[in-house]
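Heads up, the thing below is written out as structure tokens.
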Amino acid sequence: MHMCYLDESGTVDLSDSSQTFVLLGLAIPANCWKSYEQKFAKTKQRFGLGEQEIHVAWMNRRYSEQDAIHQFETLDWSARRAEVQKVRDSIIATASSKAAKVLRKEFKATEAYIHLTRRERYGCLLALANTIGRLSGIKLFAEAVNKKFFAARCPQSPLFEFAFTELLHRYHSFLERKQQQTSGEVFGMVVQDRNDGVSKRITDLAMEYHRNGTGWTKIDRIIETPLFVDSKLTSMVQMADLCSYSLRRMIDHQDFDLFSRVWKRFDSVDGNIVGANHYAEVACKCKLCVHGCLQSRLPLARLASAVSSDSTSDNQPQ
């Protein structure tokens with residue numbers, strides 16, 4: 001049994017300014033869940049995050065309140081928290097009621113991380129990405145969609161459903177290959193971060209695929225409809241968040257630092273990535289398409305060369 005944990009990066013709003021939407025699945029053998037969970041928990045504990053959720057977009061940003069604290073880096077974790085809270089209380093006290101409401105929401109989202117400098121927060125993300133890269137049992141699947149390209153061709157199609165269907169195909173193909181390699185039965189499940197906006201539609205879509213297939217293939221290796229969980233309670237969804245973020249950063253900003261640590265976990269056959277696709281125009285200028293990995297399926301070694309020349313282990317977050 002394999003468990004595939006789904007999370008996304010970017011928005012499905014075709015009219016906003018963001019370029020790419022990524023839906024990514026991180027699959028693990030069910031019998032590895034406990035050991036993998038322990039490895040990620042150990043890394044989180046090193047950074048004082050313990051049971052806290054890893055939300056990459058909130059971690060990898062500048063907290064201006066820390067900049068206002070003299071010699072913030074020299075303080076211990078308790079003192080850092082206390083000083084940041086003082087600054088935040090002061091900011092809210094002088095803000096308008098409307099602004100204060102927005103600020104409280106933002107401060108709550110980052111509250112778990114305020115004892116870490118930005119360098120330390122990014123160091124935590126790098127350490128987690130390195131762990132993902134070392135765990136050979138992990139397989140990644142993804143659909144990265146250029147939203148303008150998609151809107152021009154499928155303006156009436158729901159973007160999330162499109163990405164979900166494509167990802168499901170890739171995951172199912174992986175399970176079929178595993179089935180051919182063993183005498184036992186191989187099945188998989190899909191576990192997704194709770195998303196009230198799409199959960200019913202995705203459940204209905206999955207039920208339709210179980211009954212009638214997708215038009216391309218039967219879905220007989222994946223059992224049940226997707227299970228929806230609170231990402232705060234499972235590190236696997238959080239790691240899917242990290243991988244989806246790294247893929248979108250690489251495509252939209254040519255930032256290879258996190259991506260270079262996880263790319264080798266994408267499902268591949270004979271050295272060619274088959275577990276991911278970048279749905280974009282042929283003339284896409286992102287490094288991934290220029291070097292042909294997701295679109296023309298060039299060998300992993302070609303991407304390895306491209307990645308190593310564009311990334312360094314000491315990169316600072318932008």
Side-chain angles (χ1 to χ4, degrees), residues 2-9 22 24-29 32-61 112-113 115-142 144 231 234-268 271 273 275-276 287-288 291 293-294 300-318:
H2 291 259
M3 312 289 289
C4 188
Y5 297 82
L6 272 55
D7 205 4
E8 63 207 69
S9 183
V22 172
L24 182 139
L26 182 149
I28 63 170
C32 291
W33 175 84
K34 186 172 184 178
S35 64
Y36 287 6
E37 188 80 18
Q38 289 173 340
K39 290 180 187 297
F40 294 129
K42 186 176 180 179
T43 298
K44 291 164 67 173
Q45 288 167 1
R46 280 173 44 203
F47 292 87
L49 294 174
E51 301 299 319
Q52 300 296 332
E53 179 180 12
I54 298 297
H55 194 297
V56 183
W58 286 112
M59 288 181 69
N60 191 28
R61 61 173 59 191
Y113 321 124
H115 64 291
L116 299 171
T117 66
R118 193 178 185 194
R119 181 187 291 272
E120 290 166 342
R121 295 194 302 275
Y122 193 65
C124 178
L125 299 179
L126 290 176
L128 290 168
N130 284 332
T131 300
I132 293 170
R134 288 193 297 266
L135 295 175
S136 60
I138 289 177
K139 295 295 180 183
L140 298 178
F141 308 89
S231 60
T234 170
S235 291
M236 297 306 161
V237 171
Q238 297 168 33
M239 296 308 103
D241 174 52
L242 192 161
C243 292
S244 63
Y245 176 90
S246 75
L247 177 54
R248 188 169 68 88
R249 285 286 304 179
M250 186 278 301
I251 291 173
D252 287 353
H253 303 284
Q254 298 295 279
D255 181 356
F256 279 85
D257 205 21
L258 287 170
F259 182 75
S260 67
R261 290 161 166 79
V262 303
W263 66 268
K264 59 186 174 183
R265 297 278 64 89
F266 280 99
D267 186 34
S268 63
I273 288 181
K287 286 287 186 182
L288 201 60
H291 291 280
C293 180
L294 295 189
L300 293 178
R302 291 279 294 276
L303 178 62
S305 175
V307 168
S308 62
S309 66
D310 283 89
S311 66
T312 67
S313 59
D314 295 325
N315 280 2
Q316 292 302 302
Q318 300 299 312

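Throughout, numbering of the chain's residues begins at 1 and tracks the sequence. Computed from a prediction, not measured in an experiment: that's the story for all the values here.
- Scanning all heavy atoms of the two residues, the minimum distance from Tyr113 to His55 falls at OH-N, 3.2 Å.
- Not counting sequence neighbours, Glu8 has no partner by the side chain to side chain donor-acceptor pair (under 3.5 Å) test.
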List the steps and the verdict of side-chain contact (heavy atoms from CB on, under 4.5 Å) for Tyr5 and Met239. CA-CA 9 Å; Tyr5 297 82; Met239 296 308 103; over 6 Å; no
What's the verdict on side-chain contact (heavy atoms from CB on, under 4.5 Å) for Phe259 and Arg249, showing C-alpha distance, side-chain angles and the deciding distance? CA-CA 8 Å; Phe259 182 75; Arg249 285 286 304 179; over 6 Å; no
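- Ile273 contributes atom CD1, which lies 7.0 Å from atom CH2 of Trp263 (distance to the nearest 0.5 angstrom).
- The two atoms that bring Cys4 and Gly25 nearest to each other are SG-CA, 3.7 Å, heavy atoms only.
- No side-chain donor-acceptor contact under 3.5 Å links Arg46 to the backbone of Lys42.
- The two atoms that bring Gln238 and Lys44 nearest to each other are OE1-NZ, 3.2 Å, heavy atoms only.
- Taking Tyr245 as the reference, Asn60 meet the side chain to side chain donor-acceptor pair (under 3.5 Å) condition, with sequence neighbours excluded.
- Within the model, atoms CG of Leu140 and OG of Ser246 stand 8.0 Å from one another, a figure rounded to the nearest 0.5 Å.
- Residues passing the side-chain contact (heavy atoms from CB on, under 4.5 Å) test with Ser231, sequence neighbours excluded: Glu53, Asp193, Val237.
- Interatomic distance, Leu242 CG to Ile54 CD1, rounded to the nearest 0.5 Å: 8.5 Å.
- Residues satisfying the side chain to side chain donor-acceptor pair (under 3.5 Å) test with Ser244, not counting sequence neighbours, are none.
- Using a distance-only test at 3.5 Å, with no hydrogens or angles considered, no donor-acceptor pair links the side chain of Asp7 to the main chain of Ser9.
- Panel note: side chain Arg121, backbone Met59; a donor-acceptor pair is recorded below 3.5 Å.
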Begin from the C-alpha positions of Arg261 and Ile132 and carry the test side-chain contact (heavy atoms from CB on, under 4.5 Å) through to its verdict. CA-CA 8 Å; Arg261 290 161 166 79; Ile132 293 170; over 6 Å; no
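- Screening Asp257, Asn130, Leu258 against Leu125 for a side chain to side chain contact (heavy atoms under 4.5 Å, CB included) leaves a single residue, Leu258.
- Using modelled atom types, no side-chain atom of Glu37 and backbone atom of Thr234 make a donor-acceptor pair closer than 3.5 Å.
- Residues satisfying the side-chain contact (heavy atoms from CB on, under 4.5 Å) test with Ala142, not counting sequence neighbours, are Leu24, Leu247, Phe266, Ala276.
- Evaluation of the salt bridge (charged side-chain N to carboxylate O under 4.0 Å, His left out) rule for Glu51 yields no partner, not counting sequence neighbours.
- Between the His115 side chain and the Phe47 main chain, a donor and an acceptor come within less than 3.5 Å of each other.
- Phe40 approaches Ser235 most closely through the heavy-atom pair CB-CB, 4.2 Å.
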